[in-house]
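Have a look at the structure below before the remarks.
Computed from heavy atoms alone, side chains included, the values below leave out hydrogens, waters and symmetry copies. Model, not experiment: these values are computed from the prediction. Just so we're on the same page: letters track the sequence lines, and every chain starts at 1.
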Amino acid sequence: MSAPQVWRDAFAERAEALPGARLPWLARLRGQAIERFADEGWPTRRLEAWRHTPLALLGEQAFVAADGRAEVAAAVAQLRREAGDPEHWLVFVDGHHRPDLSTPGSLPQGCQVGSLAEALRQDAQGLEALMGSADEGSSPAALNLAFAADGAFVRIGSGVALEHPLHLVFVSATAEAATHVRNLVQAGANSVATIVEHHIGLADAQTLATIETRLALDRDARVTHLKLQRESEAGFHLARIDAQQAGGSVFDSHSLSFGARLARTDIETRFAGEGCEALFNGLYHADGRRHVDHHTRIDHALPRGTSREYYRGILDGAARGVFSGRILVAPGAVRTDAVQRTDNLLLSAQAEADARPELEIYAADVKCAHGATVGQLDEEALFYLRARGLDEAHARKLLTLAFAGEVLERIRDEALRRCAREILLARLPGEERMEESYA
Amino acid sequence: MLEISNLKASVEDKLILDGLDLRVGDGEVHAIMGPNGSGKSTLAQVLAGREDYRVEGGTVRWDGRDLLALPAEERARNGLFLAFQYPVEIPGVSNAYFLKAAVNAVRRHRGLPELDAMDFLKRVKAEMKAVGMKEEFLYRSVNEGFSGGEKKRNEVLQMTLLEPKLAVLDETDSGLDIDALRVVADGVNRLRSPERSMIVITHYQRLLEYIVPDRVHVLAHGRIVRSGGPELAAELEQKGYAWLTGEADQARPAGAAS
């Protein structure tokens with residue numbers, strides 16, 4: 001049986017039990033989505049956007065559904081400590097909300113944080129507009145739309161500022177399980193919020209996680225989204241982040257991808273109003289035979305938009321890192337100001353990096369700059385450090401961390417920045433303990 | 001005591017040091033002078049343990065140890081310090097972190113307790129004052145965007161903090177104005193002590209007006225061709241190198257400032 005057929009059958013079996021199954025608009029949407037996936041299957045290398053990221057392995061794999069009841073309290077508690085004991089904390093296990101592990105904390109008036117499953121059951125107002133459509137993204141996004149049973153549903157009212165970051169925790173706990181999460185975020189005019197996604201994997205056998213996070217930023221809203229991906233080494237992680245920005249809004253996206261056998265993250269934003277700003281800031285580390293791919297797109301659809309995109313990759317072993325950054329400047333999007341930079345650090349001779357800037361500019365009076373580098377650790381700097389008594393492992397780790405530092409420095413929240421740095425530090429080779437930082 | 005015997009070393013298959021002999025006793029300051037390309041910097045790099053420089057023969061004994069058998073970091077921890085001719089810029093690593101990591105690597109090796117942040121900052125700030133560096137240089141990336149003089153001061157600062165047994169200064173005077181030169185010389189002179197040896201490598205005699213060496217050696221074609229007291233530097237100032245190297249003098253006398 002072909003892979004698409006397997007998923008179509010699974011859908012036929014499960015559709016009735018999905019939350020909101022009785023809503024006609026949703027049933028139609030899910031039906032279109034599974035049809036699209038059945039039609040297209042997993043993306044192949046023949047698709048330009050997937051040329052470097054083969055999913056053939058997935059096609060041969062059967063996955064089970066998990067009920068979200070796995071015992072993960074200890075791992076979640078540990079993560080919570082690492083994250084600095086956040087105020088707002090929502091946990092999802094194998095794609096299902098776990099109120100027993102969650103503490104939404106005290107939310108300001110006009111701010112709503114909950115489970116998508118619950119919102120779908122109640123057919124919450126405005127859901128249909130946020131949910132998305134079956135033709136967006138690549139086929140895995142359609143698979144996600146068909147199967148997603150839960151996720152976070154977040155509404156920040158107009159003028160409301162969420163003081164502390166909202167942490168969403170997604171745990172891949174069950175071996176051989178496929179989980180599909182859809183997060184919907186609506187940020188009202190002039191609202192301010194920071195949303196953090198943690199993805200951790202506890203299963204040592206293959207897992208599949210598809211995640212779609214959709215953010216709608218109303219006029220002058222300021223939203224920071226930080227994704228910290230630490231799936232297990234056997235995990236397949238396929239994520240898409242889709243932002244729509246109204247005029248004057250500011251969207252900061254930080255993607256830190258450290259785990260998974262294969263991690264693919266598509267990040268897109270569209271400037272649907274004038275004077276929007278976006279920061280796409282990313283850092284990835286892969287070793288062994290792991291694969292990490294970021295596929296980004298910033299659509300300067302209207303004038304006076306500013307975007308800054310900075311991605312850095314650290315690749316060791318026989319790992320492969322892929323970055324593709326498309327910047328689109330629509331006709332008439334005058335006074336667009338876009339900068340894109342991507343730098344890769346190869347720590348071994350077998351590691352490989354592919355970086356592809358794609359600028360499509362259809363407007364005059366714009367500033368667009370891009371650059372890409374691939375390099376190794378600076379031998380001169382290594383020797384300088386060793387000549388001052390640092391052993392080689394320490395020197396390498398220090399220089400690698402310095403390379404990553406530029407990306408981490410852009411994370412404004414200090415607790416989040418520290419957390420990301422510690423996680424990276426623990427992943428880099430070298431036992432040598434680091435001195436505390438002064439920077 | 002440092003004893004270099006018949007040292008031969010090559011870079012990219014080109015023999016640069018060709019049978020160099022040198023003895024530096026404890027507490028002594030030796031100057032090594034010589035024209036460009038004579039092997040001065042190669043000697044410094046070989047002593048510091050740079051792997052790109054291949055030792056083809058000879059021995060270097062340091063306090064009875066085989067120096068060449070030690071990797072660079074162990075040489076440093078044992079008290080060898082090279083002040084780089086071209087200090088390296090390291091973006092993203094703060095000078096404070098770097099200095100503290102270096103000091104503690106050496107202290108661990110010597111069996112001394114590591115300095116904590118408070119003690120370290122107290123110490124480093126005092127030494128920075130002595131070499132005329134502003135505190136802001138602690139929080140900037142190592143050497144990044146430093147002027148030539150600031151980089152050299154940073155080298156002297158490191159030397160002061162690490163308290164080496166043997167310091168090798170590789171053209172630390174090059175490109176310095178007279179004020180910076182004095183700071184460097186003062187730093188070196190403050191460190192002079194009966195148990196600390198120094199090798200001061202320079203192209204020009206100028207530095208030796210401030211750091212008066214016990215011995216002066218002239219290096220040419222990878223060998224010491226003449227040794228003498230401090231008066232040899234003055235002689236080179238007048239005559240240039242050609243009379244010692246057997247070549248027509250390429251340019252100006254050794255004392256001419258750049």
- Should B:Glu136 and B:Arg140 count as an ion pair when the cut-off is N to O under 4.0 Å? yes

- Side chain proximity check, B:Thr172 to B:Leu207, heavy atoms < 4.5 angstrom: no

- Message: Contact between B:Asp66 and B:Thr59 at the side-chain level, heavy atoms closer than 4.5 Å - yes or no?
- Response: no

- Between atom CZ of A:Arg410 and atom CG of A:Asn281, what is the distance when rounded to the nearest 0.5 Å? 5.0 Å

- Item | A:Asp354/A:Arg356 ion pair, N-O < 4.0 Å | no

- Message: Could you measure the distance from the CD atom of A:Gln340 to the NE2 atom of A:His370? Nearest 0.5 Å is fine.
- Response: 7.5 Å

- Item | A:Ser257 versus A:His294, side-chain donor and acceptor atoms under 3.5 Å | no

- Short side-chain donor-acceptor distance under 3.5 Å, A:Asp343 and A:Thr373: yes

- Item | Spacing of A:Thr296 atom OG1 and A:Ile327 atom CD1 [to the nearest 0.5 Å] | 7.0 Å

- Query: Taking C-beta and beyond as the side chain, do B:Gln45 and B:Leu82 meet within less than 4.5 Å on heavy atoms?
  - Reply: yes

- Contacts with chain B made by residues 314-322 of chain A (heavy-atom distance under 4.5 Å), listed by residue number: none

- Message: Determine whether a donor-acceptor pair (N or O, by modelled atom type, separation under 3.5 Å) exists between the side chain of A:Asp391 and the backbone of A:His394.
- Response: yes

- Looking only at A:Arg386, A:Glu379, A:Glu380, A:Glu406, the option with the highest number of non-hydrogen pairs under 4.5 Å against chain B is A:Arg386

- Message: I need the contact set between residues 150-171 of chain B and chain A: heavy-atom distance under 4.5 Å, sorted by residue number.
- Response: B:Glu155, B:Gln158, B:Leu162

- Answer with side chain, backbone, both or neither: which region of B:Val103 has an atom nearer than 4.5 Å to a non-hydrogen atom of chain A? neither

- Residues from residues 67-74 of chain B approaching chain A under 4.5 Å (heavy atoms): B:Pro71, B:Ala72, B:Glu73

- Item | A:Glu392/A:Arg396 salt bridge by N-O under 4.0 Å criterion | yes

- So, does A:Arg417 use its side chain to make a donor-acceptor pair with the main chain of A:Ile411 at under 3.5 Å? yes

- Task: Tell me the residues of residues 48-56 of chain B whose non-hydrogen atoms fall below 4.5 Å from those of chain A, in number order.
- Result: B:Ala48, B:Gly49, B:Arg50, B:Glu51

- Side-chain contact, heavy-atom cut-off 4.5 Å: B:Asp63 with B:Asp26? yes

- Message: As an exercise, state the distance from CH2 of B:Trp62 to CD1 of B:Ile4, rounded to the nearest 0.5 Å.
- Response: 12.0 Å

- Message: Could you check whether any side-chain heavy atom of B:Phe120 comes within less than 4.5 Å of a side-chain heavy atom of B:Leu99, counting everything from C-beta outward?
- Response: yes

- Within 45° cone of A:Tyr384 ring axis and under 6.0 Å: A:Arg388 NZ or CZ: yes

